[in-house]
Amino acid sequence: EDQVTQSPEALRLQEGESSSLNCSYTVSGLRGLFWYRQDPGKGPEFLFTLYSAGEEKEKERLKATLTKKESFLHITAPKPEDSATYLCAVQAGSSYKLIFGSGTRLLVRP
Amino acid sequence: DSGVTQTPKHLITATGQRVTLRCSPRSGDLSVYWYQQSLDQGLQFLIQYYNGEERAKGNILERFSAQQFPDLHSELNLSSLELGDSALYFCASSPVAGLQETQYFGPGTRLLVL
């Protein structure tokens, strides 16, 4: 069965303290891996899509990378406004649905 | 703002009742997806419509149904509501129904069943 696991569940950082979030997946035929950011009570906000191992994408302080088994979301010099839950999702095989991980709750303290 | 709109934002109702959630996709998008987010289950796919036709089904209960209208807006109908149906319901849209397409999410409808 297709599965997505995110770690850690929660992460507390000081402002400026860089770190990485992990998303490991077990799927048959990865079509795409998607990163979203979700603020409390809001809808997921799209960040990145990665399609093949070795691919990297950047946006401001965020950088997403992909291997054959996992993806990392690197946060460089985070700011308090980066505090949110970061969700990883995969699309696999011939299915259009997204399979989500349980998310990493990030808190960045000033 | 993703361009996907959902109404209402909040809904409070009683067990056994029926409610309808509405979603308007981004301009030009033909595909609509419904997801349920609860504390214990995370985000779960319910159903997908493409240009008015059902395209894919997830773990959607028989008490739940959906449709997509000619103007491409979609409605999710939840009936015989139970306490466990309390959750956030999200709609997402994408341009067509292609694999590898990014799905853009709306702000959600928070349903509370008392």
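Per chain, numbering begins at 1; letters A, B, ... match sequence-line order.
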Inspect the surroundings of [atom1] in [X] and state if more than 12 heavy atoms from other residues, nucleotides or ligands are less than 6.0 Å away.
X	atom1	result
A/R12	CZ	no
A/D39	CG	yes
B/K57	NZ	no
B/E62	CD	no
B/L39	CG	no

Problem - Steps toward side-chain contact (heavy atoms from CB on, under 4.5 Å) verdict (A/Y96, B/R55) - result: CA-CA 9 Å; A/Y96 299 103; B/R55 179 60 66 97; 3.3 Å; yes
Can you tell me which portion of [X] sits under 4.5 Å from chain A's heavy atoms? Options are side chain, backbone, both or neither.
X	answer
B/Q48	side chain
B/S2	neither
B/Q41	neither

Exercise for the section: State, with a plain yes or no, whether a side-chain heavy atom of B/Y33 is found less than 4.5 Å away from one of A/K97. Expected result: no
Problem - B/F45 and A/L98, any side-chain heavy atoms less than 4.5 Å apart - result: no
Exercise for the section: Please look at A/I99 and chain B and tell me whether the side chain, the backbone, both or neither of the residue comes under 4.5 angstrom of a heavy atom of that chain. Expected result: neither
Practice task
Under 4.5 Å heavy-atom distance to chain B, tell me which part of A/T49 shows up: side chain, backbone, both or neither.
Solution key: side chain
Fill in the blank from the handout: Pair count under 4.5 Å, heavy atoms only, with chain A: among B/G42, B/P107, B/G108, highest is B/P107
Practice task
Identify the heavy atoms of B/F90 and A/K42 that sit nearest to each other, and give their distance.
Solution key: CZ-O, 3.4 Å
Handout entry: Closest non-hydrogen atom pair between A/Q91 and B/E101, with its separation
Key = OE1-N, 4.1 Å
Practice task
Report the distance from atom CD of B/Q100 to atom CG of A/L50, rounding to the nearest 0.5 Å.
Solution key: 11.5 Å
Handout entry: Euclidean distance, B/L43 CG relative to A/Y36 OH, rounded to 0.5 Å
Key = 9.5 Å
Practice task
Could you tell me whether the side chains of B/Q37 and A/Q38 share a donor-acceptor contact shorter than 3.5 Å?
Solution key: yes
